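Down below is the structure, laid out as structure tokens.
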Amino acid sequence: MGNNFFQFKQFRINQEGAAMKVSTEGCLLGAIATCGHDASVLDIGSGTGLLALMIAQRTNAKITSVEADEEAAAQALRNVEGSPWSERVNIVNSTIQVFAEQAKERFDMIVSNPPFYTNYLPSDDVRRKLAMHTYSLSMEDLATVAGKLLMPEGRFFVIYPAYEAGLFAQTAKLKGLHPLENHIIRNKEGGSIFRMITCYGQTEAKTTQSELVIRDDSNAYTAAFEKLLAPYYLNL
């Protein structure tokens, strides 16, 4: 998925201006995150605009997508303007911390594919480094703004590797966010956890758990993966 564009069934993502390109994990988050059909949605970290457009495709939601990087925000805006849902998706060039201070509304759903590298060597590419490393958006800041901007019955979907997901769960609890769903993602059956998508809410409840395997023993997509991404991927 390293091309300058990625063509989906109903929209196209041009990504030459984005530090982080379209990824399988981003597509999984966009497909798994669920909300009411006419919900208000906040996307923290637009990147290419992928999550906002995936959610726009299957709902009538009004979506606000916040991106700190000016070039990435401009790219996301162009992708939105070239889509069928430009009237419902608003790209905001701002840090989420500043946006949260100024926001006058709360959202039915918040979704984020945040930076998560903490103990890794930084990239030489400054924009990529900011997109990938937590000093651009700490777990504490993310949990804080999510708690502030989420409606009382709202849902917050976030994706992390397994270790970082555990760290974020501890931080989220301190901010009054409780896990409602855990979606475990593995590349292969029996393999290590590739990513975890967790849905948080502000009311404690029993956490449900599901597991998705991306590829089978022959390296083909599993039926479950195909069913989830079929509305989006051209080859499914």
Side-chain angles (χ1 to χ4, degrees), residues 1-33 35 37-115 123 125-133 136-137 141-142 145-146 149-150 156-159 229 231-234:
M1 292 189 183
N3 295 329
N4 284 335
F5 71 91
F6 194 91
Q7 184 66 50
F8 292 88
K9 286 181 177 176
Q10 296 190 40
F11 62 93
R12 175 172 171 148
I13 293 290
N14 292 299
Q15 53 187 1
E16 66 274 6
M20 298 301 294
K21 310 301 184 184
V22 171
S23 65
T24 300
E25 64 194 79
C27 292
L28 285 170
L29 176 59
I32 286 175
C35 62
H37 193 59
D38 296 304
S40 59
V41 176
L42 174 65
D43 171 22
I44 298 177
S46 308
T48 59
L50 172 69
L51 295 179
L53 291 175
M54 289 184 74
I55 294 166
Q57 177 180 314
R58 67 173 186 274
T59 71
N60 286 324
K62 178 184 176 183
I63 302 165
T64 301
S65 189
V66 180
E67 173 56 56
D69 182 272
E70 184 176 0
E71 189 174 346
Q75 179 78 85
L77 178 60
R78 290 192 293 272
N79 286 331
V80 167
E81 289 176 340
S83 79
W85 314 289
S86 58
E87 76 284 355
R88 292 194 284 112
V89 181
N90 181 34
I91 303 296
V92 178
N93 182 205
S94 170
T95 67
I96 191 59
Q97 295 91 334
V98 170
F99 177 86
E101 289 177 0
Q102 300 173 348
K104 294 180 172 58
E105 66 175 313
R106 291 190 176 191
F107 298 86
D108 298 306
M109 185 175 80
I110 298 175
V111 61
S112 183
N113 183 0
S123 167
D125 184 329
V126 174
R127 293 179 61 240
R128 184 173 174 83
K129 180 167 60 177
L130 289 172
M132 295 176 67
H133 290 77
S136 63
L137 177 59
D141 280 357
L142 179 58
V145 298
L149 296 175
L150 198 63
F156 168 42
F157 285 86
V158 64
I159 185 169
L229 275 301
Y232 301 101
Y233 279 17
L234 278 177

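Both backbone and side-chain heavy atoms feed into the values below; hydrogens, waters and symmetry mates do not. The model shown is predicted, which means the values in this text are computed figures rather than measured ones.
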Examine distances only and state if a side-chain atom of [X] and a backbone atom of [Y] form a donor-acceptor pair shorter than 3.5 Å.
X: Asp108; Y: Ser40; value: yes
X: Arg88; Y: Ala61; value: yes
X: Thr95; Y: Ala68; value: no
X: Gln15; Y: Val22; value: yes
X: Ser46; Y: Thr48; value: no
X: Tyr232; Y: Cys27; value: no
X: Glu67; Y: Gly49; value: no
X: Asn14; Y: Phe5; value: no

From [X] atom [atom1] to [Y] atom [atom2], the distance as rounded to the nearest 0.5 Å:
X: His37; Y: Asn60; atom1: NE2; atom2: CG; result: 3.5 Å
X: Asn79; Y: Leu53; atom1: CG; atom2: CG; result: 6.5 Å
X: Ile91; Y: Ile63; atom1: CD1; atom2: CD1; result: 9.0 Å
X: Arg12; Y: Ser83; atom1: CZ; atom2: OG; result: 13.5 Å

I'd like to check [X] versus [Y] (side-chain heavy atoms, cut-off strictly below 4.5 Å). Are they in contact?
X: Phe156; Y: Val145; value: no
X: Cys35; Y: Thr59; value: yes
X: Pro231; Y: Arg58; value: no

Closest heavy-atom contact between [X] and [Y]?
X: Gln7; Y: Phe11; value: NE2-O, 3.3 Å
X: Met54; Y: Leu229; value: CE-CD1, 4.3 Å
X: Ile110; Y: Ala146; value: CD1-O, 3.7 Å
X: Val66; Y: Ser94; value: CG1-O, 3.1 Å
X: Leu51; Y: Asn113; value: CD1-N, 4.2 Å
X: Leu29; Y: Ser112; value: CD2-O, 3.4 Å

Does the pair Lys62 and Phe107 meet the rule for a side chain to side chain contact (heavy atoms under 4.5 Å, CB included), with working shown? CA-CA 10 Å; Lys62 178 184 176 183; Phe107 298 86; over 6 Å; no
Name of the residue among Asp43, Leu42, Leu50 meeting side-chain contact (heavy atoms from CB on, under 4.5 Å) with Ser65: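 When Asp43, Leu42, Leu50 are each tested with Ser65, the side-chain contact (heavy atoms from CB on, under 4.5 Å) holds only for Asp43.
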Can you find a side-chain donor-acceptor pair between Thr64 and Asn90 that sits under 3.5 Å?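 No, no side-chain donor-acceptor pair sits under 3.5 Å.
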Would you say Asp141 and Gln97 are linked by a side-chain donor-acceptor pair, where the criterion is simply a distance under 3.5 Å?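 Side-chain D/A pair, Gln97 to Asp141: present.
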Please determine whether side chain to side chain contact (heavy atoms under 4.5 Å, CB included) holds for the pair Ile55 and Met109, giving the CA-CA distance in whole Å, both sets of side-chain angles, and the decisive distance to 0.1 Å. CA-CA 11 Å; Ile55 294 166; Met109 185 175 80; 3.6 Å; yes
Tell me whether the rings of Phe8 and Tyr233 are parallel (<30°), tilted (30 to 60°) or perpendicular (>60°).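 Tilted.
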Which is it for Leu149 and Arg106 under the side chain to side chain contact (heavy atoms under 4.5 Å, CB included) test, yes or no, and what are the steps along the way? CA-CA 5 Å; Leu149 296 175; Arg106 291 190 176 191; 5.5 Å; no
